[in-house]
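Structure first, then comments.
In what follows, chains are A, B, ... by sequence order, proteins preceding strands, each numbered from 1.
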Number of protein chains: 2
Amino acid sequence: MYSHFNELKDKKSSLESPKKLLSIIDYIVRSPQGVSVADVAKNFSMSISNAFKYMKLLEEYGFVVKDQSKKYIPGFKLVDLGSIVLRRVGLRDIARPHLFDLAAKTHQTVNLVVRDGDWAVYVEKIECAESMPLMSRIGMQMPLYSTSFGKAILAWLPSEELQEYLSRVKLVKRTNKTITEPQKLVEHLKQTRQRGYAIDDEENEYGVRCVGAAILNHDGKPVGAVSIAGSKNKLTAKLIKRYASLITYCAMEISKKLGYKGSNEFCPNQSFS
Amino acid sequence: MYSHFNELKDKKSSLESPKKLLSIIDYIVRSPQGVSVADVAKNFSMSISNAFKYMKLLEEYGFVVKDQSKKYIPGFKLVDLGSIVLRRVGLRDIARPHLFDLAAKTHQTVNLVVRDGDWAVYVEKIECAESMPLMSRIGMQMPLYSTSFGKAILAWLPSEELQEYLSRVKLVKRTNKTITEPQKLVEHLKQTRQRGYAIDDEENEYGVRCVGAAILNHDGKPVGAVSIAGSKNKLTAKLIKRYASLITYCAMEISKKLGYKGSNEFCPNQSFS
DNA sequence: AAGAGTATTTCATAAGGTGAAATACACCAT
DNA sequence: ATGGTGTATTTCACCTTATGAAATACTCTT
């Protein structure tokens, strides 16, 4: 049985079939080798005939297509829709030239994320030929508490908002370096803010270090962040220092374009001022 | 009333509510300023209470989120799913370094498309600071008969397949330069094949010229194409010649990586050999 | 040619999608 | 504060429609 569907299955008798459809979409997208009608029927414990109708509908709308072996694979409809959604992120267009700059100067993977509730979502990722392959992907969400970009965002949040965040979110160990004690995190964020940039030293993925800086909007709120990611071996303390000044400058340039006035008097509720 | 939904409404009594859900997703994605529950109810002629349930479901699954003004806007779930689908396109990873090369050499927008039935779909788009803004977008589908990349694909198709395509597809004028007579198109494709690359001279969008070259797989079938797009003014005949040789080389390099053996004896059913 | 697996179609039944109405909520003007 | 308007959310009984069984068509193997 497909787990995601079951998790949400408890809330009964409210648009069960549309709910099933969304779960099927998810299932198909995450099935690398394609799915058959029988697979869908099995995974969602429904009849073949019914599963068939769902696939027919998804095919009609371009969400799935049949490949050579007659298995259903995701069509490009989702790519199209996702790409339209991504276009709405105005920050992306503003930031892109600056990100290319940064990538050219550092020859590392450069990411742009926006805050999405208690998460950060990648909206741009620039890879260089030399940069190490990472599991990150545009549209992917990452926790705020463990990532360089997320910690940059948290560090520039008004203290009440940070406290609310900490009361809502459980800090889970992603590696054994992840900070999971709220007190420690608050202290760490205080240092981050004083320093001007955030560091992720294998707190998400072993072997990966990142430097991140927050992007602030017209009233000083952190709406996103920029990060540079690289392998633990390459990103030495010295190099991090160098990248930190580049990324801080880059993030500030973007912030200015969003109307940020470059100082603290417009942001009275800061955590550490 | 939202048109797309109506078009497909005729096929009755088969997963009507899941169908409605897909139409609502489409509607929300294409509503730039966000939608309210009332908007959805109105556009799909349903009760407010019911529209609300659809929005609740979509919110639960991350397909929509509420913005500051409490309007529903698309969430990042679609970006995530679209991005996973895009990852499945192996050609994309193989081609990307070559595309960057091409973009660096030409300072124009470089596109990668794959064939998707009777359409070509953008799977990569590299823009340069200097390049003109175009309406193309990753995931967007374009006709084969009017675009440089599409005509490159058609020109390398076995003649029976080309005939089948022409019998299926109506050639619609996108601009007054679009070739809409099948005979003329076949003749044009013959020239294209002899030349080695395809040209789109304002056949899709006024003011835009493109050069395209097909990517051939291990058995010589065109699975996609590369294109360079630029403004009519900049892309002079001379520059097109220069770009043509670059793009033909680029497409061939990619084809070789797909296992193409670089000559015609492996492809006996070609249209014009 | 037979057989096994899969895909489609048909159809009666019960699950659940539906809108009316009631309630709660938010915002604006007085 | 107070009332009013527009929107969001919940509840509930009806009847549309989503559902699986079974029959049929379609592909592959053997």
Side-chain angles (χ1 to χ4, degrees), chain A residues 1-2 5-6 8-28 31 33-75 117, chain B residues 1-2 5-6 8-28 31 33-75 117:
Chain A
M1 280 284 279
Y2 189 55
F5 179 58
N6 268 328
L8 298 157
K9 209 176 165 183
D10 35 282
K11 281 191 186 174
K12 256 290 158 66
S13 74
S14 179
L15 299 183
E16 286 301 313
S17 45
K19 185 179 291 185
K20 208 173 280 185
L21 185 84
L22 293 182
S23 299
I24 291 173
I25 291 174
D26 223 89
Y27 169 64
I28 295 164
S31 299
Q33 65 318 351
V35 300
S36 64
V37 172
D39 291 335
V40 174
K42 198 175 172 187
N43 277 283
F44 293 90
S45 21
M46 63 201 305
S47 65
I48 296 269
S49 63
N50 204 30
F52 167 72
K53 284 176 202 161
Y54 277 96
M55 299 315 288
K56 203 74 186 291
L57 175 63
L58 288 172
E59 195 179 16
E60 199 175 300
Y61 274 74
F63 281 78
V64 302
V65 292
K66 288 199 193 111
D67 71 357
Q68 318 81 282
S69 63
K70 282 166 189 170
K71 289 232 167 191
Y72 288 96
I73 58 168
Chain B
M1 280 285 281
Y2 190 55
F5 178 59
N6 269 328
L8 297 158
K9 209 176 164 182
D10 35 282
K11 281 191 185 174
K12 257 290 158 66
S13 74
S14 179
L15 298 183
E16 287 301 314
S17 45
K19 185 180 292 185
K20 207 174 281 184
L21 185 84
L22 292 182
S23 299
I24 292 172
I25 290 173
D26 222 90
Y27 169 64
I28 294 165
S31 299
Q33 66 316 353
V35 301
S36 63
V37 171
D39 291 334
V40 174
K42 199 175 174 187
N43 277 284
F44 294 89
S45 20
M46 63 203 302
S47 66
I48 296 269
S49 62
N50 203 29
F52 167 71
K53 283 177 203 161
Y54 278 96
M55 299 314 288
K56 203 76 186 290
L57 176 62
L58 288 171
E59 196 179 16
E60 200 176 301
Y61 273 74
F63 282 78
V64 303
V65 292
K66 287 197 194 113
D67 71 356
Q68 320 80 283
S69 62
K70 282 166 192 169
K71 289 234 167 190
Y72 288 96
I73 58 169

Self-check item: First encountered from the 5' end of DNA chain C, between B/S47 and A/D39
Solution: A/D39
Quick one: which protein N/O atoms are closer than 3.5 Å to N/O atoms of nucleotides 8-10 of chain C? Pair and distance per line, please.
| unit_1 | atom_1 | unit_2 | atom_2 | d |
| --- | --- | --- | --- | --- |
| C/dT8 | OP1 | A/K66 | NZ | 3.4 |

Quiz item: Do B/N43 and B/I24 touch side chain to side chain, with heavy atoms closer than 4.5 Å?
Solution: no
Exercise. Send over the distance from A/L57 CG to D/dA18 C1', rounded to a whole Å.
Key: 12 Å
Quiz item: Taking atom C1' of D/dG20 as reference, at what distance in whole Å does atom CG of B/L15 sit?
Solution: 13 Å
Self-check item: Side-chain touch B/L22/A/I25, heavy atoms, less than 4.5 angstrom
Solution: yes
Quiz prompt | Rounded distance in Å - CE (A/M46) to P (D/dT17) | solution = 18 Å
Quiz prompt | Steps toward side chain to side chain contact (heavy atoms under 4.5 Å, CB included) verdict (A/M55, A/I28) | solution = CA-CA 10 Å; A/M55 299 315 288; A/I28 295 164; 3.5 Å; yes
Practice problem: Using a 4.5 Å cut-off on heavy atoms from C-beta on, say whether the side chain of B/V37 contacts that of B/Y72. | Solution: yes
Practice problem: In whole angstrom, give the distance that lies between atom CG of A/L21 and atom P of D/dT17. | Solution: 17 Å
Exercise. Please identify each residue that fulfils salt bridge (charged side-chain N to carboxylate O under 4.0 Å, His left out) with B/K71, with sequence neighbours left out.
Key: B/D39
Quiz item: In whole angstrom, what separates A/E16's CD from C/dA15's C1'?
Solution: 10 Å
Quiz item: What's the CD-P distance between B/E59 and D/dA8, to the nearest Å?
Solution: 12 Å
Quiz item: Going from CD1 on B/I48 to NZ on B/K42, what distance comes out if it is rounded to the nearest 0.5 angstrom?
Solution: 10.0 Å
Practice problem: Would you kindly give the NZ-to-P distance between A/K19 and C/dA15, to the nearest whole Å? | Solution: 17 Å
Quiz prompt | Heavy-atom pair of closest approach, residues A/L15 and B/Y54 | solution = CD1-N, 3.5 Å
Exercise. Determine to 10° how strongly the helix from C/dA1-D/dT30 to C/dT30-D/dA1 is bent, judged from the axes of its five-pair ends.
Key: 50°
What N/O pairs connect the protein and nucleotides 28-30 of chain D at under 3.5 Å? Give each pair on its own line.
| unit_1 | atom_1 | unit_2 | atom_2 | d |
| --- | --- | --- | --- | --- |
| D/dC28 | OP1 | A/K70 | NZ | 2.5 |

Quiz item: Roughly how far, to the nearest 0.5 Å, is OH of A/Y27 from NZ of A/K20?
Solution: 14.5 Å
Quiz item: Excluding sequence neighbours, so at least two apart, what forms side-chain hydrogen bond (donor to acceptor under 3.5 Å, both in side chains) with A/S31?
Solution: none
Exercise. Respond yes when some side-chain nitrogen or oxygen of A/Y54 is under 4.0 Å from OP1 or OP2 of D/dT19, and no when none is.
Key: yes
Practice problem: Could you tell me the separation between the NZ atom of A/K19 and the CD atom of A/E16, rounded to the nearest 0.5 Å? | Solution: 5.0 Å
Practice problem: Provide, to the nearest angstrom, the distance between the CG atom belonging to A/N50 and the C1' atom belonging to D/dT17. | Solution: 11 Å
Quiz prompt | By salt bridge (charged side-chain N to carboxylate O under 4.0 Å, His left out) - contacts of A/K66 (at least two apart) | solution = A/E59
